[in-house]
Trainee: 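Handing you a structure now.
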Protein chains: 2
Amino acid sequence: MSERISDAEHAVMEVLWDEAPLTAQDVAERVAPARGWSANTVKTLLGRLLAKNTIAAEEDGRRYLYRPLVERGDYVEGESRRLIDRLFGGKLTPLVAHLAERDALTDEDIAEIEALLKEIKS
Amino acid sequence: MSERISDAEHAVMEVLWDEAPLTAQDVAERVAPARGWSANTVKTLLGRLLAKNTIAAEEDGRRYLYRPLVERGDYVEGESRRLIDRLFGGKLTPLVAHLAERDALTDEDIAEIEALLKEIKS
DNA sequence: CCCTTTCGATTACAGGCGTAATCGTTACGA
DNA sequence: TCGTAACGATTACGCCTGTAATCGAAAGGG
């Protein structure tokens, strides 16, 4: 279905997931500063996302209003799954184990996840 | 330090992490079938990994023996962190929450992670 | 000793990506 | 009305990636 979203494109998507529809300029204002991009760059990215059918453009006078066609949750799940499949045999546990083993988890993280899991079970 | 490892390169690295040192042909035999690659492709990838200082080559007669210079754990942690930073604000909990919410976690997964966390705490 | 196979090294080449600049059109301000 | 600013569209361009083919040297078989 939807083609892969590149890193730079993803930055644009985050803006649109946060707020939509937006004009190209709106997007540029929100994303360009942090990235140091020119407005042209943002327009190129919007064009590519359009071509990939990841966003839609609705005419609004002589400009367009852009909004996402892909949901953030779907994207996030896809990316997460890719990583977990590629590096951890498709299972989440080894990821958690790996981070824990490397002290990349604070006590607080652990407590949070435990609380979360407890809630899920109920 | 080390440059990014591409997807295709990663497949080669997995072979070397599993067993090393290996000749180019060894690597090709182990990785090419699953990927449908020619032996040449594997050699190109080994060359690129060499250039990136991700692997080392030791002469062995008229051929080379390749072995990783980067540890799998470091790579895995880097990639995991990248994803978690990019999509979950750097925290693991939202990743777990996201997968749970999407029913991407089985009861067994949950039990495993709980057991794992309990062990860590002790 | 020569032909063929085998190596690594070099070169290739299209497509994606990051990052724009330029072009053609139109609307708006002076 | 005329120049200019703002838009989207088109074009650019170098680097990375995936995926090899080709080249030159060397080694091994007959």
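In what follows, chains carry the letters A, B, and so on, assigned in the order in which the sequence lines appear, proteins first and then strands, with residues in each chain numbered from 1. Keep in mind that the numbers below use all heavy atoms, side chains included, and drop hydrogens, waters and symmetry copies.
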Trainee: Compare every heavy atom of Ala11(A) with every heavy atom of Arg35(A), then report the nearest pair and how far apart it is.
Mentor: NH2-CB, 3.3 Å

Trainee: Can you tell me how far P of dC7(C) sits from CD of Glu59(B), to the nearest Å?
Mentor: 15 Å

Trainee: For dG28(D), does the base pair up with any side-chain atom of Arg62(B) as donor and acceptor (N or O, under 3.5 Å, distance only)?
Mentor: no

Trainee: How many whole angstroms separate atom CD of Glu9(A) from atom C1' of dG16(C)?
Mentor: 9 Å

Trainee: Roughly, in whole Å, what's the span from CZ in Arg4(B) to P in dT17(D)?
Mentor: 8 Å

Trainee: Knowing that exactly one of Leu95(A), Leu117(A), Asp109(A) qualifies, which makes a side-chain contact (heavy atoms from CB on, under 4.5 Å) with Val96(B)?
Mentor: Leu117(A)

Trainee: dT17(D) phosphate, OP1 or OP2: any side-chain N/O from Lys52(B) under 4.0 angstrom?
Mentor: yes

Trainee: Return the residues of residues 11-31 of chain B meeting this criterion: a heavy atom under 4.0 Å from some atom of DNA chain D. Order them by number, or give none.
Mentor: none

Trainee: Nearest whole Å is fine: how far is dT17(D) P from Leu46(B) CG?
Mentor: 15 Å

Trainee: Need to verify one output field. Residue with the more 5' nearest nucleotide on DNA chain C, Arg63(B) or Arg48(B)?
Mentor: Arg63(B)

Trainee: Not counting sequence neighbours, which residues clear side-chain contact (heavy atoms from CB on, under 4.5 Å) with Glu112(B)? List them please.
Mentor: Lys91(A), Thr93(A), Glu108(B)

Trainee: Measure the distance from CG on Asn40(A) to P on dA6(D) and round it to the nearest whole Å.
Mentor: 13 Å

Trainee: Which is true for Ser38(A) with a 4.0 Å heavy-atom rule: it touches a base, it touches only sugar-phosphate, or it touches nothing?
Mentor: sugar-phosphate

Trainee: Rounded to whole angstrom units, what separation is found between the NZ atom of Lys43(B) and the P atom of dG18(D)?
Mentor: 19 Å

Trainee: Could you go through the salt bridge (charged side-chain N to carboxylate O under 4.0 Å, His left out) check for Glu114(A) and Lys118(B) one step at a time?
Mentor: CA-CA 9 Å; Glu114(A) 278 185 324; Lys118(B) 188 175 299 178; over 6 Å; no

Trainee: Quick one: His10(A) NE2 to dG18(C) P, roughly how many Å, whole number?
Mentor: 12 Å

Trainee: Taking the basic N atoms (NZ, or NE/NH1/NH2) and the acidic carboxylate oxygens, is any pair closer than 4.0 Å for Arg102(B) and Asp74(A)?
Mentor: yes

Trainee: Let me know the distance between CG of Leu45(A) and P of dT19(C), rounded to the nearest Å.
Mentor: 9 Å

Trainee: Run through Leu16(A), Leu49(A), Thr23(A) and flag the one making a side-chain contact (heavy atoms from CB on, under 4.5 Å) with Tyr66(A).
Mentor: Leu16(A)

Trainee: Around Asp7(A), counting heavy atoms of other residues, nucleotides and ligands shown, do more than 12 lie under 6.0 Å from its CG?
Mentor: yes

Trainee: If you check the Ser6(B) side chain, which of dT19(C), dG18(D), dA20(D) turns out closest?
Mentor: dG18(D)

